[in-house]
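All residue numbers in this chain count up from 1 along the given sequence. Bear in mind that the values here come from a model prediction, so they are computed numbers and not experimental data. Indexing begins at 1, ligand by ligand and atom by atom, following the structure's order. Excluded from the calculations below are hydrogen atoms, water molecules and symmetry mates; all remaining heavy atoms, backbone and side chain alike, are included.
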Amino acid sequence: MRLPIYLDYAATTPVDPRVAALLGRHLTRDGVFGNPSSTTHIFGRQAAQAIETARNQAAALINANPQEIIWTSGATEANNLALIGAMRAQARRGQHLLTSKTEHKAVLDVCRWLERNGCTVTYLDPGPDGRIPLERVAAALRPDTVLVSLMCVNNETGVIHELAAIGALTRERGILLHTDAAQSAGKLPIDLQTLPIDLLSLSAHKMYGPKGIGALYVRQRPVRVRLEPLLYGGGQERGLRAGTLPAHQIAAMGEACRIAHSEMDAEQTRIRQLRDQLWQAFTRLDAVELNGHPQQNIAGILNVSFTGIAAEALLAAVPDIAISMGSACTSASYEPSHVLRAMGIDEIRARGAIRFSLGRFTTVEDINYTVHAVTAAVNRLRELSPLWEDHQRGVKTEVD
Ligand SMILES: *Cc1c(COP(=O)(O)O)cnc(C)c1O
């Protein structure tokens, strides 16, 4: 076992060595370094070929057609292109967008911008288990709704949303459905031949690829989704995303998709066992709560609150374990997570929430060490905690 232990795979993953090796072969003079648009010579054609191979690999992961993959700089850009691009392209049909309060900031912030620019957005509340009830989606759809954006798997709780059923509602009404699949691609089977999803965002660095590359799936059949581009320039990616394609990043993402596709089942089974082992050990402590859905969840994420303990105190008490409170993007501020608050979780419990996220390189030894270190830290911190004393005496504590 190697310290420190990394249990923050939902924030980012290390690049798989097989992916890193391939990336390195697309940079230097003795490798594939050409501009993929320079198809008059072999250097450019080799780079273009590498990109098409990767496009096939990304498409295969989600059972899409390769022409439906548009390379972007990551899931953030893919979300921006999907939401802004679709709302602009459909401006004449309607300007209402439906989403949820538990989305990643890379969707919520785009929605705020859209609201300042003529769109109306409805933010749905999840149930206490983090799932968006289907009836709430159905009830919130309006005659002028043109787009629904709901994530596939939540990055803080690991909860899996009911996209097949939600897609049936939107498809029936001719409304587009976008999903941010940054946390699910490569971890859950996604079949776009059967799922009624029109736009889907991917990020390489959540599945053992490099940062700074991702993709947007844009459905072409049975109906071609129309988008306004955000960037104008050399007309790359069918005019939807201008800019010289980063062949090294794209080839690496393709390889990451290929590996995830072929190893998904075995990998998820192994990670789920480790995650369950961690949760079982925590349940031996008093007053530990699971934040999220007990069954409909992704294998690699465990979000728990230890009553009486603030997350930052626990993080400080186990400095050789990399875990996070809430999501990495908000941990700069001490605001309790917007996701947990939307689920109706009270402030004290939300402030104590810790996310453990496991992945490809997590070992049994990592989990054993974590169980011992966290259990000892929780017991020690509780001895010092007035909140815990109140809890044991049955006093309900109010915070302001
Ligand atoms: C990580 C993440 C993003 C951001 O992806 P980038 O590729 O870093 O832009 C968006 N949505 C979700 C759900 C994520 O987990």
Backbone of [Y] reached by a side-chain donor or acceptor of [X] within 3.5 Å:
{"X": "His338", "Y": "Glu103", "result": "yes"}
{"X": "His161", "Y": "Leu163", "result": "no"}
{"X": "Arg219", "Y": "Val225", "result": "no"}
{"X": "Thr269", "Y": "Asp265", "result": "yes"}

Taking distance alone, with N or O pairs closer than 3.5 Å, would you say [X] contacts ligand 1?
{"X": "Ala75", "result": "yes"}
{"X": "Ser203", "result": "yes"}
{"X": "Thr76", "result": "yes"}
{"X": "Asn155", "result": "no"}
{"X": "Gln183", "result": "yes"}

Output the list of atoms in ligand 1 that are nearer than 4.0 Å to some heavy atom of [X], sorted by atom number.
{"X": "Asp180", "result": "10 (C), 11 (N), 12 (C), 13 (C)"}
{"X": "His205", "result": "6 (P), 7 (O), 8 (O)"}
{"X": "Met151", "result": "13 (C)"}

Exercise. To the nearest 0.1 Å, how far is atom 2 (C) of ligand 1 from its closest protein heavy atom, and which atom is that?
Worked result: Lys206 NZ, 2.4 Å
For this session: Evaluate the ring planes of Phe306 and Phe356, with Trp represented by its six-membered ring, and classify them as parallel (under 30°), tilted (30 to 60°) or perpendicular (over 60°).
Result: perpendicular
For this session: Give the ring-plane orientation class for His391 versus Trp388, where under 30° counts as parallel, over 60° as perpendicular and anything between as tilted.
Result: parallel
Exercise. Within a reach of under 6.0 Å around CZ of Arg221, are more than 12 heavy atoms found that belong to other residues, nucleotides or ligands?
Worked result: no
